[in-house]
A.B. asks: 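I have a structure I would like to understand better, so I am pasting it below and will then ask my questions one at a time.
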Amino acid sequence: SMDDSFEYLGDAIDAFESWYGPYIWGRVGFVLTPVGAMEHVHNIAFPRGTGVSGPTFDMNRLMAHELAHQWWGNVTTLSSPANMWIKEGNAEYGAHLFTEYVFGREAFIDQVKANHLLVLKTAHIDDDGFQPLSGIPYEQTYGTHTYNKGASMIHNMRTYLGDSLFRVAQSAVLEDFALSAVDAEQYRDHLSLVSGVDMTSFFQDWIFSPGFSNFELETLDITPSGGAYEVDLSVQQRLRGASLLHTNVPLSVTFFDD
């Protein structure tokens with residue numbers, strides 16, 4: 001039944017209010033349809049097959065995704081299809097945040113990793129090459145980049161800012177651009193303004209450019225020094241489907257003993 005399937009709806013509302021700010025629409029409604037989902041205010045269209053399947057992973061993910069649109073898409077929307085990632089990436093990452101809130105950190109990390117693996121394996125195949133998130137070709141508006149790489153990049157953004165600034169800056173975008181539209185540049189500039197973190201490099205590397213970067217340990221020279229060690233290391237950046245080296249990338253290196 002729908003009652004069983006939507007068991008975690010209240011938790012989803014709590015999760016999004018904790019991350020994005022108050023729910024402003026007065027009521028939450030889901031209406032079963034023969035096929036497809038759409039985030040109409042008060043009456044979210046929801047596919048019947050999923051809506052009576054019980055509280056499965058797929059059911060919870062789609063419920064949370066469409067509910068997250070009541071903030072990303074219905075409070076603040078995008079100024080052109082070229083920035084569809086702003087609402088779809090945030091909605092799909094919202095489904096990740098729901099998992100973290102209800103089922104814990106380990107289940108959340110599993111979902112983040114599974115989503116990112118899908119992106120690495122299939123986005124360039126599904127969407128006719130490596131695409132930038134902002135300025136995506138019209139034919140690929142609703143593709144794997146927009147939804148799944150979008151979610152991965154919102155996760156990157158969360159880590160780039162840290163949880164508290166991510167919460168504050170994202171909520172500020174929704175509050176300050178309530179019932180209006182943003183493009184990627186406005187989104188970037190407002191996140192920077194509110195958080196105090198310059199998001200220029202992040203957006204240039206991950207949002208306006210295609211592809212991926214990877215950092216590898218190239219050389220490692222370890223010298224004992226008293227009771228400690230001096231370590232001289234060099235790191236090399238490699239690119240996949242990207243045209244520019246990434247800049248201002250936070251990188252942590254941790255050493256373990258035997």
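A quick note: this is a predicted structure, and the numbers were derived from the prediction, not measured.
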A.B. asks: Closest approach of Ser213 and Gln237, non-hydrogen atoms and distance?
C.D. replies: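 For Ser213 and Gln237, the tightest heavy-atom pair comes out as CB-OE1, 3.5 Å.
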
A.B. asks: Would you say the side-chain atoms of Ser171 pair up with the backbone N or O of Val168, donor to acceptor, closer than 3.5 Å?
C.D. replies: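 It does not hold such a pair.
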
A.B. asks: Donor-acceptor check, side chain of Trp72 to backbone of Ile86, threshold 3.5 angstrom: yes or no?
C.D. replies: no

A.B. asks: Do Leu239 and Leu245 have side chains that approach each other closer than 4.5 Å (heavy atoms only, starting at C-beta)?
C.D. replies: yes

A.B. asks: Do Gln111 and Thr99 have side-chain N/O donor and acceptor atoms under 3.5 Å apart?
C.D. replies: yes

A.B. asks: Keeping Thr122 on the side-chain end and Ile125 on the backbone end, is there a donor-acceptor pair under 3.5 Å?
C.D. replies: no

A.B. asks: Asn148 side chain to Asn115 main-chain N or O, any donor-acceptor pair under 3.5 Å?
C.D. replies: no

A.B. asks: With sequence neighbours excluded, give me every salt bridge (Lys or Arg N to Asp or Glu O under 4.0 Å) pair touching residues 235-244.
C.D. replies: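 Residue pairs passing salt bridge (Lys or Arg N to Asp or Glu O under 4.0 Å), neighbours aside: Glu216-Arg238.
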
A.B. asks: Looking at the rings of Phe103 and Tyr8, which for Trp means the six-membered one, are their centres under 6.0 Å apart?
C.D. replies: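 Yes, ring centres under 6.0 Å apart.
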
A.B. asks: So do the side chains of Trp85 and Ile154 get within less than 4.5 Å of each other, counting heavy atoms only?
C.D. replies: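 Yes, side chains in contact.
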
A.B. asks: Checking Asp198 side chain against Thr200 main chain: does a donor-acceptor pair fall under 3.5 Å?
C.D. replies: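 Present.
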
A.B. asks: Is there side-chain contact between Val249 and Phe202, with at least one heavy-atom pair below 4.5 Å?
C.D. replies: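 Of all side-chain heavy-atom pairs linking Phe202 with Val249, none is under 4.5 Å.
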
A.B. asks: What do you reckon, are the aromatic ring centroids of Trp206 and Tyr160 less than 6.0 Å apart?
C.D. replies: no

A.B. asks: Is there a donor-acceptor contact under 3.5 Å from the side chain of His145 to the main chain of Ile136?
C.D. replies: no

A.B. asks: Does the structure place the NZ or CZ of Lys149 under 6.0 Å from the centre of the six-membered ring of Phe212, at an angle of no more than 45° from the ring's axis?
C.D. replies: yes

A.B. asks: Regarding Asn43 and Arg27, do their side chains bring together a donor and an acceptor under 3.5 Å, going by distance alone?
C.D. replies: yes

A.B. asks: Take atom CZ in Phe255; do more than 12 heavy atoms of anything else shown fall under 6.0 Å from it?
C.D. replies: yes

A.B. asks: Please identify each residue that fulfils salt bridge (Lys or Arg N to Asp or Glu O under 4.0 Å) with Glu66, with sequence neighbours left out.
C.D. replies: none

A.B. asks: For atom CD of Glu175, decide whether the heavy atoms of other residues, nucleotides or ligands shown that lie under 6.0 angstrom number more than 12.
C.D. replies: no

A.B. asks: Check the angle between the aromatic planes of Phe208 and Phe203 and answer parallel, tilted or perpendicular using the 30° and 60° thresholds.
C.D. replies: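 Ring orientation, 0 to 90° scale: tilted.
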
A.B. asks: Quick one, Tyr187 with Asn90, criterion side chain to side chain donor-acceptor pair (under 3.5 Å). Give me CA distance, side-chain angles, the key distance, then yes/no.
C.D. replies: CA-CA 12 Å; Tyr187 190 22; Asn90 269 302; 3.2 Å; yes

A.B. asks: Could you work out, with ring pair (Phe, Tyr, Trp, His ring centres under 6.0 Å) as the rule, every residue matching His190, not counting sequence neighbours?
C.D. replies: Phe177

A.B. asks: Does any N or O in the side chain of Trp19 come within less than 3.5 Å of the main-chain N or O of Leu97, such that one atom is a donor and the other an acceptor?
C.D. replies: no

A.B. asks: Taking the six-membered ring for Trp, are Phe6 and Phe46 closer than 6.0 Å centroid to centroid?
C.D. replies: yes

A.B. asks: Check the pair Glu7 / Asn60 against side chain to side chain donor-acceptor pair (under 3.5 Å), numbers first and verdict last.
C.D. replies: CA-CA 9 Å; Glu7 176 182 347; Asn60 290 330; over 6 Å; no

A.B. asks: Taking atom CZ of Phe215 as the centre, does the number of heavy atoms from other residues, nucleotides or ligands within less than 6.0 Å exceed 12?
C.D. replies: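 Check passes, neighbour count above 12.
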
A.B. asks: Using side chain to side chain donor-acceptor pair (under 3.5 Å), reason through Asn74 and His69 one step at a time and then give a plain yes or no.
C.D. replies: CA-CA 6 Å; Asn74 290 354; His69 275 313; over 6 Å; no

A.B. asks: Would you please classify the geometry between the Tyr20 ring and the Phe16 ring as parallel, tilted or perpendicular, with 30° and 60° separating the classes?
C.D. replies: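 Parallel, since the angle between the ring planes stays under 30°.
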
A.B. asks: Under 3.5 Å, is there a donor-acceptor pair between the side chain of Ser5 and the main chain of Ser53?
C.D. replies: yes

A.B. asks: Evaluate side-chain contact (heavy atoms from CB on, under 4.5 Å) for Phe108 paired with Tyr101, printing each intermediate quantity in order.
C.D. replies: CA-CA 8 Å; Phe108 163 76; Tyr101 189 89; over 6 Å; no

A.B. asks: With a cut-off of 6.0 Å (strictly less than), are more than 12 heavy atoms of other residues, nucleotides or ligands near CG of Asp128?
C.D. replies: no

A.B. asks: Output the distance between atom OG (Ser234) and atom CG (Leu217), rounded to the nearest 0.5 Å.
C.D. replies: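 Answer for the OG-CG pair, Ser234 versus Leu217, is 7.0 Å.
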
A.B. asks: Does a side chain donor of either His65 or Glu88 reach within less than 3.5 Å of an acceptor in the other side chain?
C.D. replies: yes

A.B. asks: Evaluate Asp183 against Ser79 for side chain to side chain donor-acceptor pair (under 3.5 Å), listing each step before the verdict.
C.D. replies: CA-CA 6 Å; Asp183 60 23; Ser79 52; 4.6 Å; no

A.B. asks: Report yes if some heavy atom in the side chain of Thr219 is under 4.5 Å from a heavy atom in the side chain of Leu233; otherwise report no.
C.D. replies: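 No; the side chains remain at least 4.5 Å from each other.
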
A.B. asks: Donor-acceptor pair, distance only, cut-off 3.5 Å: does the side chain of Thr146 make one with the backbone of Thr141?
C.D. replies: yes

A.B. asks: State, without any angle test, whether Asp3 and Ser1 hold a side-chain donor-acceptor pair at a distance under 3.5 Å.
C.D. replies: no

A.B. asks: Taking CD in Gln236 as the centre, count heavy atoms belonging to other residues, nucleotides or ligands within less than 6.0 Å. Is the count above 12?
C.D. replies: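 Yes, because the 6.0 Å sphere around CD of Gln236 holds more than 12 heavy atoms from other groups.
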
A.B. asks: Could you check whether the rings of Tyr93 and His155 sit parallel, tilted or perpendicular, using 30° and 60° as the cut-offs?
C.D. replies: tilted

A.B. asks: In the structure I gave you, are the side-chain heavy atoms of Gln170 and Met157 within less than 4.5 Å of one another anywhere?
C.D. replies: yes

